[in-house]
Amino acid sequence: MSKMRLLRAGQTGWDAWKGVSGTRIARLVGTKLSKTIGAGILEIEKNTIPSTIDYDEIIVVLEGQFRSTSKGEVFNCNPGDVLWIPANTSFTLETDSKARIFYVRYPMDPSIAGAD
């Protein structure tokens with residue numbers, strides 16, 4: 001079992017999310033810390049990214065605005081908003097400027113390496 005940890009901003013490195021230009025992801029909690037939950041920060045700049053997830057996910061908007069579209073329904077998200085995405089959902093993340101979000105997903109996908 002892992003011990004409690006403080007994860008400071010800037011403590012982890014940034015990578016392009018799924019290799020997509022205009023994105024940066026910092027995986028804060030991954031399989032090295034937890035076998036059940038994942039969390040991190042994602043930045044998206046002037047992009048539309050389709051995604052399908054097989055886990056539950058919560059997104060909290062930290063900065064900027066973005067849209068998410070699923071099954072024809074558009075969700076306009078602003079700082080402080082929380083977006084719930086159930087498992088097996090297809091959606092897009094879109095922004096005309098820049099957005100920074102914090103995400104939490106459950107259960108953790110063991111194939112994705114996480115932060116220490």
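Heavy atoms only, all atoms of each residue included: Pro79 and Gln65 are closest at CD-NE2, 4.3 Å. When all heavy atoms of Ser34 and Thr36 are compared, the pair lying nearest together is OG-N, 3.1 Å.
Evaluation of the side-chain contact (heavy atoms from CB on, under 4.5 Å) rule for Asn88 yields Asp54 as partners, not counting sequence neighbours. Ser21 pairs by the side chain to side chain donor-acceptor pair (under 3.5 Å) definition with nothing, not counting sequence neighbours. Looking at residues two or more places apart in sequence or on another chain, you find a side-chain contact (heavy atoms from CB on, under 4.5 Å) between Val104 and Ile37, Ala39, Phe102.
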Audit row: Asn78, Val61, side chain to side chain contact (heavy atoms under 4.5 Å, CB included) steps and yes/no: CA-CA 6 Å; Asn78 296 297; Val61 184; 5.7 Å; no

Applying side chain to side chain contact (heavy atoms under 4.5 Å, CB included) to Arg100 and Phe66, what does each step give before you reach the verdict? CA-CA 9 Å; Arg100 177 183 270 217; Phe66 77 93; over 6 Å; no

Which is it for Ile59 and Phe75 under the side chain to side chain contact (heavy atoms under 4.5 Å, CB included) test, yes or no, and what are the steps along the way? CA-CA 12 Å; Ile59 293 175; Phe75 301 88; over 6 Å; no

Would you please test Leu7 and Val29 for side chain to side chain contact (heavy atoms under 4.5 Å, CB included) and show each step? CA-CA 9 Å; Leu7 305 168; Val29 177; 3.7 Å; yes

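Atom CG of Leu93 is separated from atom CG of Leu83 by 8.0 Å, given to the nearest 0.5 angstrom. Annotation: the span from Asp56 atom CG to Arg105 atom CZ amounts to 12.0 Å, rounded to 0.5 Å. For the atom pair CD (Glu57) and OH (Tyr106), the distance works out to 15.0 Å, reported to the nearest 0.5 Å. Ser68 OG to Ile85 CD1: the interatomic distance, rounded to the nearest 0.5 Å, is 5.0 Å. A distance of 12.0 Å separates CG of Asp81 from CD1 of Ile101, quoted to the nearest 0.5 Å. Atoms CZ and CD1, from Phe91 and Ile53 in turn, are 4.5 Å apart once rounded to the nearest 0.5 Å.
Considering Thr48, Thr92, Asp96 as possible partners of Arg67, the one that fulfils the side chain to side chain donor-acceptor pair (under 3.5 Å) test is Asp96. Of the residues Thr12, Ile41, Val20, Leu42, the one that meets the side-chain contact (heavy atoms from CB on, under 4.5 Å) test with Ile25 is Leu42.
In this structure, Thr95 contributes its side chain and Ile44 its backbone to no donor-acceptor pair below 3.5 Å.
Heavy-atom neighbours of Lys71 NZ from other residues, nucleotides or ligands within 6.0 Å: at or below the threshold of 12.
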